[in-house]
Amino acid sequence: MPGTPARLDWVDTAKGLSIILVVMMHSAYGVGEATGEVSYLNYVIGWATPFRMPEFFLISGLFLGQVIARPWKLYADRRVVHYLYFYLLWAALQILVKVGLGEGDLTGALAGIALAVVEPYGVLWFIYLLGGFSLAAKLVHTLGVPHWVALAGAAALQVAPVHTGVYAFDQFAEYLVYFYAGYALAPLVFRIVAAAQRHLALSLLALLGYAVASFYLVFAGGAELHPDGLKMGYAALPGLHLALALAGSLAVCASAALLARLPAMDWLRWLGEHSIVVYLSFSIPMAASRVLLLKLGVIDDAGILGTIVMLVALGAPLVLYWLVRWSGRGRFLFERPAWAHLPGTPGRRGPAVAPAPAIAGS
């Protein structure tokens, strides 16, 4: 699908909003678990729960139509091997740091790395599933399955819901519909965003209406807010959960389109452009800063603690990325080297020197 620079700007801005929400959730719940306190961050991330991850998956599927018809080898290299390389690399690094160094258990670390091949590790499950979703979409395309049939099947998996006890399969069933909706409904998404840009006042009213409705549906109807998590109220009902997630994903896209027009929000676009850098590496500085702040005991407020931890978790990966780019060392952390491409694909012609790909990259 052809796109304009403005559209690309809003896509990156949407990813910027999404990565902030992801890091906020893990920071807030980590601090909440350690302190036993609920802060303002818990309410913000609780409100965003219906759409926080669905929006990331929807954005990741938006440009799949540009590459879905490529030959299998080229497609697999760009949309499957690409994600699995970063997943396996960073899963190994995080397990070695946490288990090998932190706990002094090298044998346990090696066992954990082996298990991570079949059981998504930690926050990296998102990257793991992107490879799986890309493979599933290509199979559906190859078999000639109509979009409406595939969407209906993916929606049924989400509404069911599926609880097999196998984490990878359960998450696949939960989130496939959003990735496929991004792919299949991309023209509609772009039309909605364009309409939001043309009708500012109406867009703001619609976004406000969604925000209020979502807050009520999340926290009413028997919701339970805990320091380290949330049990949603009405928003957890089958069908309604799916509708809220899709509506919220579109709301994030529309919000991003409006924010992208503001020069002061260019930092958010830049953050979204480098969202994979943050997603891959935020967990280590997040955990380290949380432990350090709690040991120092200087700050007692869970909200302030969580905010500082979140800012460190967002900033540290970008500092690491800058150091890698500046020094020329460690590029393999964020750029897939030539050896990690399938034989016969363009990436094997030489070293990867292009900027780190975005999470929704093709």
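Only this structure's heavy atoms are used, side chains among them; waters, hydrogens and symmetry mates stay out.
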What I want to check is whether the side chains of Thr307 and Tyr40 have a donor and an acceptor closer together than 3.5 Å.
yes
Below 4.5 Å, heavy atoms only, C-beta onward: do Leu207 and Leu258 meet side chain to side chain?
yes
Leu88 and Trp339: same hydrophobic cluster, using ILVMFWY side-chain contacts below 4.5 Å?
yes
Taken to the nearest 0.5 Å, the spacing of Ile304 CD1 from Ile299 CD1 works out to 6.5 Å
Can a donor-acceptor pair be found, under 3.5 Å and without considering hydrogens, that links the side chain of Arg79 to the backbone of Leu64?
no
Are any of the side-chain heavy atoms of Leu314 and Phe282 separated by less than 4.5 Å?
no
With heavy-atom distances below 4.5 Å as the criterion, would you say the side chains of Val67 and Arg78 are in contact?
no
Taking all non-hydrogen atoms of both residues, which atom of Pro317 and which atom of Pro285 are closest, and how far apart?
CD-CG, 4.4 Å
If only atom types and distance count, is the side chain of Thr13 paired as donor or acceptor with the main-chain N or O of Asp9 below 3.5 Å?
yes
Supply the atom-to-atom distance Ile20 CD1 to Ser27 OG, rounded to the nearest 0.5 angstrom.
11.5 Å
Side chain Asp266, main chain Pro263, donor-acceptor under 3.5 Å:
no
Residue Phe169 excluded, over 12 heavy atoms near CZ under 6.0 Å
no
Can you tell me if Lys138 has over 12 outside heavy atoms packed within less than 6.0 Å of its NZ?
yes
Side chain to side chain contact (heavy atoms under 4.5 Å, CB included) for Thr345 and Lys73? Distances and angles first, verdict last.
CA-CA 7 Å; Thr345 58; Lys73 180 184 285 189; 3.8 Å; yes
The ring-ring contact (aromatic ring centres under 6.0 Å, His included) partner of Phe57 among Tyr180, Tyr175, Phe179 is Tyr175
With a 3.5 Å cut-off and sequence neighbours excluded, list the donor-acceptor pairs that the side chains of residues 236-256 form with protein atoms.
unit_1 : atom_1 : unit_2 : atom_2 : d
Ser249 : OG     : Glu55  : N      : 3.3
Ser249 : OG     : Ala245 : O      : 2.8
Ser255 : OG     : Ala251 : O      : 2.8

Mind running side chain to side chain contact (heavy atoms under 4.5 Å, CB included) on Val38 and Tyr43 for me, showing each step along the way?
CA-CA 8 Å; Val38 171; Tyr43 285 95; 3.9 Å; yes
Residue pair Val22 / Met53, side-chain heavy-atom distance below 4.5 Å
yes
Do Val193 and Leu208 belong to the same hydrophobic cluster, where Ile, Leu, Val, Met, Phe, Trp and Tyr are linked whenever their side-chain heavy atoms lie under 4.5 Å apart, directly or via other members?
no
Which heavy atom of Ala223 sits nearest a heavy atom of Phe219, and at what distance?
CB-O, 3.4 Å
Quick one: does any side-chain atom of Asn42 pair with a main-chain N or O of Pro227 as donor and acceptor, under 3.5 Å?
yes
Tyr321 side-chain N/O to Val278 backbone N/O, donor-acceptor pair under 3.5 Å
no
If Ile, Leu, Val, Met, Phe, Trp and Tyr residues are connected whenever their side-chain heavy atoms lie under 4.5 Å apart, and connections chain through other members, are Val277 and Trp326 in the same group?
no
Within-4.5 Å side-chain heavy-atom neighbours: Tyr178 and Phe51:
no
Gap separating the CZ atom of Arg269 from the NE2 atom of His274, nearest 0.5 angstrom
8.5 Å
Taking a hydrophobic cluster as the set of Ile, Leu, Val, Met, Phe, Trp and Tyr residues connected by side-chain heavy atoms closer than 4.5 Å, whether directly or through intermediates, do Val44 and Val312 fall within one such cluster?
yes
Quick check: closest heavy atoms across Trp10 and Ala257, and the distance to 0.1 Å?
CB-CA, 3.5 Å
pair Asp77-Arg336: side-chain heavy atoms closer than 4.5 Å
yes
Under 3.5 Å: donor-acceptor pair, side chain of Lys15, backbone of Ser60:
no
So Phe172 and Phe133, would you call those rings parallel, tilted or perpendicular, with 30° and 60° as cut-offs?
tilted
Quick one, Trp270 with Leu318, criterion side chain to side chain contact (heavy atoms under 4.5 Å, CB included). Give me CA distance, side-chain angles, the key distance, then yes/no.
CA-CA 11 Å; Trp270 187 90; Leu318 299 176; 3.7 Å; yes
Euclidean distance, Met24 CE relative to His26 NE2, rounded to 0.5 Å:
12.5 Å
Rounded to the nearest 0.5 Å, how far apart are CE of Met25 and CG of Asp228?
11.0 Å
So which pairs with a foot in residues 87-112 pass ring-ring contact (aromatic ring centres under 6.0 Å, His included), sequence neighbours left out?
Tyr87-Tyr128, Trp90-Phe334
Kindly indicate whether the side chain of Ile45, heavy atoms from C-beta on, has any atom under 4.5 Å from the side chain of Leu21.
yes
Between Val309 and Leu293, the two heavy atoms sitting closest are CG2-CD1, 3.9 Å
Can you see which heavy atom on Thr164 is nearest to which on Val162, and at what distance?
CG2-CG1, 3.6 Å
Within 6.0 angstrom of Glu119 CD, more than 12 heavy atoms from elsewhere
yes
Please determine whether residues Met232 and Tyr216 belong to a single hydrophobic cluster, defined as Ile, Leu, Val, Met, Phe, Trp and Tyr linked transitively by side-chain heavy-atom distances below 4.5 Å.
yes
Is there a side-chain contact between Ser289 and Ile308 in this structure, where contact means two heavy atoms from C-beta onward sitting under 4.5 Å apart?
no
Return the minimal non-hydrogen interatomic distance between Ile95 and Ala116, and the atom names on each side.
CD1-CB, 4.2 Å
For Leu333 and Leu280, run side chain to side chain contact (heavy atoms under 4.5 Å, CB included): C-alpha distance rounded to whole Å, both residues' side-chain angles, the deciding distance at 0.1 Å, then the answer.
CA-CA 9 Å; Leu333 293 172; Leu280 290 171; over 6 Å; no
Is the ring centre of His147 less than 6.0 Å from the ring centre of Tyr183?
yes
Taking the side chain from Trp47 and the backbone from Val218, do they hold a donor-acceptor pair closer than 3.5 Å?
no
So, are Glu335 and Arg325 salt-bridged, with charged N and O less than 4.0 Å apart?
yes
